[in-house]
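Lettering follows sequence order; numbering is per chain, from 1. Owing to the predicted nature of the structure, the values given are computational and were not obtained by experimental measurement.
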Amino acid sequence: MAQPPEAWPDGAVDDTSAGTLTAVQHPGLSRRQVLARTRLDFWLDGCILVGYIVAYCFGFTGDVIHEWLGLAIGLVFVVHLTLHWDWVLRTTRKLLRPRGPDKLIYAVNLALLFAMTLCIASGIMISRVALPQMGFFLNSNIFWNRLHILTAEITLYLVPVHVALRWRWIVAVGRRLLTRAGRRGSR
Amino acid sequence: VKFGRHLVVVALAVAVVVVLGVVWEHSGAAGWITPPGPPNGGKIVGGPRGGKVISMPPGGHLPPGAHVPPGARVVQAHGGGERGMWINLSDTGNLTSTVEVVAAVMAGVVVLDMGRRRWRKARRAAAASADPAGPAGT
């Protein structure tokens with residue numbers, strides 16, 4: 001069974017993308033930095049999930065919030081990818097092994113990379129509010145409009161799969177963060 | 001330094017995907033997602049959200065010195081239509097149905113994952129009880 005993060009040695013971080021609490025050695029990181037990184041991953045990923053759900057409902061948000069929120073999600077998406085790039089490299093190397101782990105997660109993540117990137121790029125191409133307000137005018141056509149709708153639909157189904165494949169990590173870290181916050185609140 | 005290096009690689013990966021999208025737009029495969037042209041052989045130019053119309057929120061204006069491309073119109077949208085500029089609180093059904101879809105997909109994946117883990121555990125336990133010396137020898 002996996003150890004709780006408190007019991008990990010210095011420099012170990014939880015492999016957030018694997019869906020399990022697996023300690024991975026990261027020399028040079030103190031336990032405090034590891035915990036800060038876990039907290040950052042948890043809240044950043046939560047923000048992307050909530051942000052995407054809200055941005056998807058453009059009938060509710062209206063064009064202005066839909067477009068600016070979409071641009072913000074694009075930036076946070078790049079940060080999220082950057083923070084997990086180690087996992088991408090590690091898993092890519094293991095893909096050829098017959099019993100290599102995370103093949104399903106890798107496939108979902110790759111599909112999500114394509115869908116979300118094209119969704120944000122096509123959203124930028126067809127922007128009517130945010131980009132013109134910044135002084136940019138792109139010559140879009142119906143292809144980008146259709147691509148935006150299609151990739152948004154695909155992303156809507158891939159995002160919950162991507163999140164749910166890590167439910168054990170989310171439950172473990174969420175329980176720890178919330179109990180700690182509760183303990184601090186009761187003092 | 002490591003974050004910066006990874007950021008550059010991620011930016012390149014994102015750029016590759018965007019370039020693939022542009023290649024798709026200019027290839028014959030673009031027809032997979034765009035509707036067929038009119039039967040008289042004409043072309044569909046622009047779309048409902050094409051670059052020909054620039055919508056500004058109520059009271060909004062273009063930045064000074066902004067260049068409006070030839071043929072483009074700047075319109076002030078006032079909401080009230082099917083799709084407004086600002087939050088439409090009467091359309092919360094849109095939000096709740098999306099949350100329901102996301103929650104249902106998540107629940108399905110979690111149930112499948114739990115079932116798979118239980119099945120693997122049971123299979124491992126059965127294998128261990130059938131051959132108690134097996135794992136020790138490996």
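Separation of atoms OG (B:S97) and OH (A:Y56) is listed at 8.0 Å; rounding is to 0.5 Å. Interatomic distance, CD1 of A:I53 versus OG1 of B:T96, reported as 11.5 Å (0.5 Å rounding). To the nearest 0.5 Å, the span separating CZ on A:R168 from CZ on B:R117 amounts to 4.0 Å. A distance of 12.5 Å separates NE2 of B:H6 from NE2 of A:H84, quoted to the nearest 0.5 Å.
Chain A forms more heavy-atom pairs under 4.5 Å with one residue of B:V8, B:V9, B:I87 than with any other, namely B:I87. Contact tally against chain A (heavy-atom pairs below 4.5 Å) for B:V18, B:L95, B:V101: the top residue is B:L95. Heavy-atom pairs under 4.5 Å with chain B peak, among A:L81, A:V54, A:V88, at A:L81.
The cluster map of Ile, Leu, Val, Met, Phe, Trp and Tyr, joined by side-chain heavy atoms under 4.5 Å apart, puts B:V19 and A:F114 in different clusters. A continuous path of hydrophobic side-chain contacts links A:L44 to A:I73 [ILVMFWY only; heavy atoms under 4.5 Å]. Hydrophobic clustering of Ile, Leu, Val, Met, Phe, Trp and Tyr side chains at less than 4.5 Å, counting indirect connections, keeps A:M125 apart from A:I149. Follow the hydrophobic side-chain contacts under 4.5 Å out from A:V159 and you reach A:V161 in the same cluster. Note: the hydrophobic cluster containing A:F42 also contains A:V50 (ILVMFWY, side chain heavy atoms under 4.5 Å, direct or indirect links).
Within the 4.5 angstrom heavy-atom criterion, only side-chain atoms of B:L20, from C-beta onward, approach chain A. With a threshold of 4.5 angstrom between heavy atoms, A:L150 approaches chain B through side-chain atoms but not through N, CA, C or O. For A:V163, the part lying near chain B is the side chain, with the backbone staying farther off; criterion is any non-hydrogen pair under 4.5 Å.
At a threshold of 4.0 Å, the pair B:K2-A:D86 counts as salt-bridged, since one of the basic side-chain nitrogens sits closer than that to a carboxylate oxygen.
Annotation: A:R175, atom CZ; neighbour count of heavy atoms from other residues, nucleotides and ligands within 6.0 Å does not exceed 12.
Applying side chain to side chain contact (heavy atoms under 4.5 Å, CB included) to A:W144 and the options B:T34, B:V22, B:I33 leaves one that passes, B:V22.
Looking at heavy atoms from C-beta onward, B:M106 lies in side-chain contact with A:L49 at the 4.5 angstrom threshold. No side-chain heavy atom of B:V102 sits under 4.5 Å from any side-chain heavy atom of A:Y157. Contact check for B:R5 versus A:W85: no side-chain heavy atoms found under the 4.5 Å cut-off.
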Before you tell me yes or no, could you show the steps for A:W167 and B:V109 under side-chain contact (heavy atoms from CB on, under 4.5 Å), namely the whole-Å CA-CA distance, both residues' side-chain angles and the distance that decides it to 0.1 Å?
CA-CA 9 Å; A:W167 69 272; B:V109 173; 6.0 Å; no
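Closest of all the heavy-atom pairs between A:L83 and B:F3 is CD2-CE1, 3.9 Å.
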